[in-house]
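Notes follow the structure.
Worth saying up front: this structure is predicted, and the values here are computed from it rather than measured. The first residue of the sequence shown is numbered 1, and numbering continues consecutively from there.
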Amino acid sequence: MSIATDTRKTEQAQRKAQRKAEGKVRKAGARKRGRITDENGRRMPVWEIVLRYGLLLAVLALMIGPFLWQLSTSLKGPHENIFSSPPKFLPSSPTLHNYERVADTIPVWDYALNSLKVAAANVVTNCVGATLAGYALARLRYRGRKAATVVFILAMLVPVEGIIIAQFTTMRELGLNNTLIGVLLPGCVSALNVLLMRNAFLNLPYEIEEAAYVDGANVWQRFLRIALPAVKGTLAVVAIFAFMGAWDDFLWPLIVLSDPDRFTLTIGLNYLHGTFANDERLVAAGTVIAVLPLIVLFACLQRYFFRGVGEGAVKG
């Protein structure tokens with residue numbers, strides 16, 4: 001009887017010690033999970049955490065603050081003071097009347113359609129042209145490949161203002177002045193996008209294409225079935241850059257276009273800044289209309305964008 005009692009007490013003591021040890025492990029794990037560490041696994045002090053998040057909030061305010069203020073101004077009514085001190089961020093009675101006034105003042109939707117045509121065509125030409133050129137620079141072996149890469153790098157160093165007269169003369173000789181094709185053509189393939197695609201293709205292992213070559217795949221099959229699916233992220237980056245560049249461009253469309261029916265949105269909105277410069281609500285509404293498509297595009301492609309930045313930034 002005493003042996004059985006001793007055995008029972010021993011088992012109870014063991015179970016109690018085991019539960020106590022498990023509790024300590026859980027508490028230690030909880031404390032460890034609650035810690036904030038840096039990239040090296042070192043525990044960060046409180047002042048460093050506060051400093052980092054303070055800097056992040058400051059940068060966020062600088063980047064997002066002006067747009068939010070424009071959005072707030074565009075929603076304020078005509079009797080609401082937009083220059084009050086201290087500034088009032090939230091409108092007391094939000095209204096969409098300012099957006100209706102923009103459409104009544106200028107043909108904003110026709111201008112937006114022209115910009116959309118140019119931007120969509122610019123995305124297609126950059127994605128196709130930059131992908132083909134990037135693959136040729138990264139994967140094909142031919143004489144002068146390094147020299148061609150240097151040419152693309154040098155092309156990035158030339159400011160647009162330095163060649164805009166030559167571009168205008170070229171468009172005039174081709175008979176493309178005052179056309180949307182003339183707006184599109186100079187930026188249909190960007191040197192930056194070509195180099196982004198080149199770096200993305202350089203990160204792919206050569207062994208995969210060599211195996212496909214042994215199996216009888218030609219260049220186009222290796223490009224379409226092996227290389228291209230592996231750089232979808234960088235392709236999304238190219239698409240975003242191409243759309244933003246064409247949508248936001250102001251100087252070149254202003255020079256090459258003379259017919260108001262063919263104006264892009266950035267040129268059309270300039271009428272609001274000129275004739276109605278005192279009406280800040282109208283200008284703010286037009287600004288929001290111009291920025292909204294870029295926000296929607298980035299929201300749809302942000303997952304591929306951040307993946308693509310890593311694809312093209314490892315190897316040069």
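The CG atom of Leu265 sits 9.5 Å away from atom OH of Tyr111, with the distance rounded to the nearest 0.5 Å. Interatomic distance, Gln70 CD to Arg281 CZ, rounded to the nearest 0.5 Å: 12.5 Å. Rounded to the nearest 0.5 angstrom, Ile255 CD1 and Ile164 CD1 are separated by 3.5 Å. Distance check: Ile226 CD1 to Glu209 CD gives 6.0 Å after rounding to the nearest 0.5 Å. In this structure, CD1 in Ile165 is found 11.5 Å from OG1 in Thr170, a value given to the nearest 0.5 Å. Remark: Leu132 CG to Leu137 CG distance equals 11.0 Å, nearest 0.5 Å.
Contact detail for Val189 and Ala130: the closest heavy-atom pair is CG1-N, 4.2 Å. Shortest non-hydrogen contact noted between Leu140 and Val219 is CD2-CG1, 4.0 Å. Contact detail for Leu184 and Thr125: the closest heavy-atom pair is CD1-OG1, 4.3 Å. Scanning both residues, Phe250 and Pro253, for their nearest heavy atoms gives O-CD, 3.5 Å. Residues Met197 and Thr234 come closest through the heavy atom pair SD-CG2, 3.6 Å. Nearest heavy atom pair, residue Val194 against residue Ala133, reads CG1-CB, 3.8 Å.
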Check your understanding: Taking it one step at a time, do Leu196 and Val237 satisfy side-chain contact (heavy atoms from CB on, under 4.5 Å)?
Key -> CA-CA 9 Å; Leu196 284 174; Val237 175; 4.1 Å; yes
| request: In sequence, state the C-alpha distance, the side-chain angles, and the governing distance for Asp248 and Leu294, and then conclude on side-chain contact (heavy atoms from CB on, under 4.5 Å). | output: CA-CA 9 Å; Asp248 291 338; Leu294 300 178; 3.4 Å; yes
**Message:** The test is side-chain contact (heavy atoms from CB on, under 4.5 Å); show your working for Asn177 and Phe168 and say whether it passes.
**Reply:** CA-CA 8 Å; Asn177 273 2; Phe168 178 78; 3.5 Å; yes
> Could you walk me through whether Thr105 and Leu282 pass the side-chain contact (heavy atoms from CB on, under 4.5 Å) check?
Replying inline: CA-CA 9 Å; Thr105 304; Leu282 199 64; 4.0 Å; yes
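Ile106 and Leu96 fall within a single hydrophobic cluster, where Ile, Leu, Val, Met, Phe, Trp and Tyr side chains are chained together by heavy-atom contacts under 4.5 Å. Hydrophobic clustering, with ILVMFWY side chains joined whenever heavy atoms are under 4.5 angstrom apart, keeps Phe152 apart from Val160. The cluster map of Ile, Leu, Val, Met, Phe, Trp and Tyr, joined by side-chain heavy atoms under 4.5 Å apart, puts Leu292 and Ile240 in different clusters. Both Trp109 and Phe263 belong to a single network of hydrophobic side chains, linked directly or stepwise wherever heavy atoms of I, L, V, M, F, W or Y lie under 4.5 Å apart. If you chain together hydrophobic residues whose side chains sit under 4.5 Å apart, Ile64 and Trp69 fall into the same group.
Results of the side-chain contact (heavy atoms from CB on, under 4.5 Å) test with Leu154 over Val151, Val158, Leu157 single out Leu157 as the only residue that passes.
With hydrogens and angles ignored, the 3.5 Å screen pairs a side-chain donor or acceptor of Asn114 with a backbone N or O of Asp261. Arg225 contributes no side-chain N or O that, together with a main-chain N or O of Ala217, makes up a donor-acceptor pair within less than 3.5 Å. With hydrogens and angles disregarded, no donor-acceptor distance shorter than 3.5 Å links the side chain of Glu280 to the backbone of Thr73. Without hydrogens or angle criteria, Asn126 side chain to Gly187 main chain gives a donor-acceptor distance under 3.5 Å. Between the side chain of Asn122 and the backbone N or O of Ala242 there is at least one donor-acceptor pair closer than 3.5 Å. Of the possible donor and acceptor atoms, one in the side chain of Thr266 sits under 3.5 Å from a partner among the backbone N and O of Asp249.
Leu235 is not listed as a side-chain neighbour of Val231, based on a closest heavy-atom distance of 4.5 Å or more. The side-chain heavy atoms of Ser115 and Val118, taken from C-beta on, include no pair separated by under 4.5 Å. A heavy-atom distance below 4.5 Å is found between the side chains of Phe243 and Leu116. Contact check for Gln167 versus Leu185: no side-chain heavy atoms found under the 4.5 Å cut-off. Looking at heavy atoms from C-beta onward, Thr287 lies out of side-chain contact with Phe67 at the 4.5 angstrom threshold. Side-chain contact between Trp247 and Leu297: absent, with no pair of heavy atoms (C-beta onward) separated by less than 4.5 Å. Side chains of Leu75 and Asn98 form no contact here, defined as non-hydrogen atoms less than 4.5 Å apart. The shortest side-chain heavy-atom distance between Val59 and Leu56 does not fall under the 4.5 Å cut-off.
Within 6.0 Å of CZ on Arg145 lie more than 12 heavy atoms contributed by other residues, nucleotides or ligands. Few gaps surround CG on Leu180; more than 12 heavy atoms of other groups in view lie less than 6.0 Å from it.
Ion pairing of Asp259 with Arg262 is present here, as a side-chain N (NZ or NE/NH1/NH2) and a carboxylate O approach within less than 4.0 Å.
Figure legend: Arg222 and Tyr206 shown without cation-pi pairing, the cationic atom not lying both under 6.0 angstrom from the six-membered ring centre and within 45 degrees of its axis.
A perpendicular orientation is assigned to the rings of Tyr135 and Phe201, their planes being inclined by more than 60° (bins at 30° and 60°).
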